[in-house]
Amino acid sequence: MKLKKGLAVVMTAVLCAGMFAGCSGASAKSDVSTKEALNYACTKDIRDINPHLYSGEMSAQNMVFEGLTKNEGGEVKPALAESWEISADGLEYTFHLRKGVTFTDGAPFNAAAVKLNMDAILGNAERHSWLDMVNEIKENVVVDDHTFKLVLKHPYYPTLVELGLTRPFRFISPNCFVNGTTKEGVSGYIGTGPWVLSEHVDNQYATFTQNETYWGDKTKIKTINWKVMPDSQTILLALQNGEVDLLFGADGDQVDLDSYKKLEDEGAYKTYISEPVASRAILINSNSPITKDIKVREAIEYAVNKENIIQGILNNSEDQADTLLSKDVPYCDIDFKTIAYNQEKAQQLLDEAGWKPGSDGVREKDGQKCEITLSYNSKNAQEGTIATSIQADLAAVGIKMNILGEEKQAFLDRQKTGDFDLQYSLSWGTPYDPQSYVSSWRIPAHGDYQAQVGLEKKQWLDETITKIMIESDDSKRADMYKEVLTYINDQYVYVPISYSKTKAVGIKGLEGVSFNDSQYEIPFEKMYFSN
């Protein structure tokens with residue numbers, strides 16, 4: 001979607017380009033205390049930031065749209081709802097909304113607007129079914145102008161957490177609805193958040209300006225210039241040229257670890273790294289011709305040298321993962337069977353599975369080569385380097401692994417179709433893990449479902465996950481999580497690699513750089529410039 005089309009957009013593009021060029025060289029590193037605009041570079045365009053859909057960049061959606069709650073510091077805190085009560089049976093949540101809040105087009109934020117948005121989300125329930133919260137909503141009720149009641153079918157323990165996620169439970173102005181709904185698109189991006197989307201040119205830039213009528217603390221920076229750049233090396237050069245003030249991300253798209261380390265050592269910039277937030281892993285498809293054999297999947301796990309990846313590629317910046325989810329994640333402090341690097345064990349398992357060494361070093365069985373493919377997002381150089389390391393590990397035990405780097409959308413499409421042997425995977429992290437992440441395993445919209453679909457007990461797995469979400473007894477819930485996670489662990493569908501961290505690099509004088517609970521959000525509203 002483009003705002004302010006035609007000549008105005010062209011002129012704005014020219015001015016924007018001039019603004020970035022004017023920041024180059026020494027001038028960018030002089031007194032920044034009077035700067036009112038922050039220049040942020042990203043490999044991704046913000047795209048369609050309709051908060052009820054999934055094609056937009058989540059960090060941009062978070063800037064404009066808010067929920068009833070928010071997840072902060074590991075806790076659920078008030079946002080557009082200043083307080084709430086939960087009925088004794090856990091079926092009714094009564095929210096007391098903040099008074100005097102308006103959308104940035106002047107429309108009032110009230111219980112009617114909440115109901116309209118919640119009903120629109122339910123009207124697209126199939127698309128949101130990865131999140132069990134949507135499936136559990138029975139009714140949205142306007143009690144009075146500033147009181148909203150959410151009625152559930154069953155007690156649902158992650159309710160308040162999931163209402164605070166970046167999407168889909170965020171609120172957009174009723175004036176943006178198209179034919180009374182949002183599932184087919186919206187006519188504008190109007191929220192209640194600290195930022196307003198003022199300009200957007202597809203795949204070039206987006207400009208966010210301060211919401212001058214914001215109900216909370218106003219931002220200290222007046223403008224965020226979101227600049228779309230093709231790759232991490234272009235972004236790095238832009239930082240060094242003074243065109244960019246901030247790099248921020250968890251997945252390596254914005255800044256690879258080698259560059260991050262160099263910038264940290266140089267001392268010319270401020271570097272930041274979060275606590276572990278998510279899990280890096282390799283998905284192994286249980287429904288592919290070769291990897292459907294559990295012995296092959298187990299052999300792959302033994303064959304991968306995680307220590308080489310942690311030390312040689314991740315520069316010891318992340319902790320090695322021996323289990324899919326860290327023991328620090330709720331319900332995940334479980335004594336699993338773990339696997340250490342052991343090439344001899346990997347070869348033994350492949351022998352047992354009938355794959356015998358061939359004359360060219362690649363194992364064979366019934367005239368077929370033991371040949372598989374790992375696919376990854378080609379924009380992420382770090383993922384490509386990890387793939388090369390794994391390729392060498394598997395070759396050493398007689399498995400030929402091809403590497404397929406492709407554009408992100410093609411990579412995501414491959415996830416949904418299940419047309420892969422191995423894929424790079426990142427768990428959703430806090431506050432999604434484990435409940436939202438595990439819940440999504442039941443829906444064929446992600447690689448997790450497709451990698452698990454060949455498992456003998458896949459139906460039991462999905463049914464048990466559904467029961468976990470509505471189990472009100474915490475002890476029983478913990479036991480059920482243990483069953484599910486132990487089964488997945490012992491089926492070798494994932495090769496855990498490390499527990500990922502979000503990284504940021506900023507110019508000196510940019511203060512307040514921090515991390516939200518969600519790796520997909522950037523707290524621009526906390527940042528400011530000083531001497």
Side-chain angles (χ1 to χ4, degrees), residues 1-3 5 40-67 117 120-131 133-134 162 165-173 176-179 181-191 193 195-208 224 226-230 248-251 253-254 375-380 406-417 423 425-426 428-429 432 436-437 439-440 443-450 518-522:
M1 179 177 180
K2 296 183 181 181
L3 304 179
K5 298 180 180 179
Y40 165 69
C42 186
T43 59
K44 304 165 190 172
D45 182 46
I46 67 167
R47 305 181 303 283
D48 174 10
I49 63 169
N50 177 350
H52 299 167
L53 295 180
Y54 297 92
S55 61
E57 197 61 21
M58 293 174 72
S59 48
Q61 290 171 315
N62 183 63
M63 295 171 72
V64 176
F65 305 105
E66 298 177 297
N117 274 259
I121 294 166
L122 291 189
N124 198 19
E126 184 176 352
R127 179 65 185 88
H128 304 305
S129 58
W130 62 272
L131 192 67
M133 176 76 189
V134 173
E162 293 191 350
L165 299 180
T166 313
R167 56 195 186 197
F169 297 110
R170 297 286 176 107
F171 299 100
I172 187 169
S173 170
C176 296
F177 280 54
V178 176
N179 297 322
T181 186
T182 57
K183 66 181 181 180
E184 302 298 336
V186 292
S187 62
Y189 303 128
I190 305 298
W195 302 98
V196 176
L197 177 60
S198 301
E199 298 279 353
H200 177 214
V201 176
D202 290 344
N203 296 311
Q204 293 185 42
Y205 68 87
T207 303
F208 296 87
I224 303 293
W226 181 303
K227 182 76 172 178
V228 182
M229 296 186 174
F248 198 107
D251 57 9
D253 280 7
Q254 319 309 325
S375 58
Y376 77 101
N377 172 13
S378 60
K379 284 290 184 76
N380 194 314
E406 51 192 349
E407 291 297 318
K408 184 173 182 180
Q409 191 55 54
F411 170 78
L412 295 175
D413 290 343
R414 190 175 298 279
Q415 278 190 340
K416 294 177 183 178
T417 62
Q423 266 206 345
S425 173
L426 186 68
W428 299 1
Y432 297 85
S436 306
Y437 176 50
S439 177
S440 76
I443 308 299
H446 303 92
D448 304 271
Y449 174 90
Q450 300 292 3
S518 170
Q519 63 181 322
Y520 307 110
E521 299 175 358
I522 305 175

Looking only at atom types and distance, does a side-chain atom of [X] sit under 3.5 Å from a main-chain N or O of [Y], one as donor and one as acceptor?
| X | Y | answer |
| --- | --- | --- |
| Ser378 | Glu406 | yes |
| Gln61 | Asn50 | yes |
| Arg127 | Lys183 | no |
| Ser439 | Trp130 | yes |
| Ser129 | Glu126 | yes |

- prompt: Side chains of Arg170 and Asn62: is there a donor and an acceptor less than 3.5 Å apart?
  reply: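 There is such a pair (donor and acceptor under 3.5 Å, judged by atom type) between the side chains of Arg170 and Asn62.
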Looking at [X] and [Y], what are the two nearest heavy atoms and their distance?
| X | Y | result |
| --- | --- | --- |
| Ile121 | Pro168 | CD1-O, 3.1 Å |
| Ser187 | Val178 | N-CG2, 3.8 Å |
| Leu131 | Leu165 | CD1-CD1, 4.0 Å |
| Cys176 | Gly188 | SG-O, 3.3 Å |
| Pro444 | Gln450 | CB-NE2, 3.8 Å |

Using side-chain heavy atoms (C-beta onward) and a distance below 4.5 Å, is [X] in contact with [Y]?
| X | Y | result |
| --- | --- | --- |
| Thr43 | Lys408 | no |
| Phe411 | Gln423 | yes |
| Glu184 | Asn179 | no |
| Asn124 | Thr181 | no |
| Arg47 | Glu57 | yes |
| Asn117 | His52 | yes |
| Tyr432 | Thr166 | yes |
| Thr182 | Leu53 | no |

query: Checking ring pair (Phe, Tyr, Trp, His ring centres under 6.0 Å) for the pair Trp226/Trp195: CA distance, chi angles, key distance, verdict?
result: CA-CA 12 Å; Trp226 181 303; Trp195 302 98; over 10 Å; no
Gap separating the [atom1] atom of [X] from the [atom2] atom of [Y], nearest 0.5 angstrom:
| X | Y | atom1 | atom2 | value |
| --- | --- | --- | --- | --- |
| Ser198 | Tyr189 | OG | OH | 14.0 Å |
| Tyr40 | Met229 | OH | CE | 11.5 Å |
| Lys227 | Cys42 | NZ | SG | 13.0 Å |
| Arg414 | Leu412 | CZ | CG | 11.5 Å |
| Phe208 | His200 | CZ | NE2 | 8.0 Å |
| Leu197 | Thr207 | CG | OG1 | 8.0 Å |

message: List the residues meeting ring pair (Phe, Tyr, Trp, His ring centres under 6.0 Å) with Phe171, not counting sequence neighbours, and say none if there are none.
response: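 For Phe171 the ring pair (Phe, Tyr, Trp, His ring centres under 6.0 Å) partners, ignoring immediate neighbours, are Phe109.
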- prompt: What is the ring orientation for Trp428 with Tyr437, classed by angle as parallel under 30°, tilted 30 to 60°, or perpendicular over 60°?
  reply: tilted
query: Given Gln519 and Leu426, is the side-chain contact (heavy atoms from CB on, under 4.5 Å) satisfied, shown in steps?
result: CA-CA 11 Å; Gln519 63 181 322; Leu426 186 68; 3.6 Å; yes
field: Stepwise side-chain contact (heavy atoms from CB on, under 4.5 Å) test for Lys379 and Glu407
entry: CA-CA 7 Å; Lys379 284 290 184 76; Glu407 291 297 318; 4.2 Å; yes
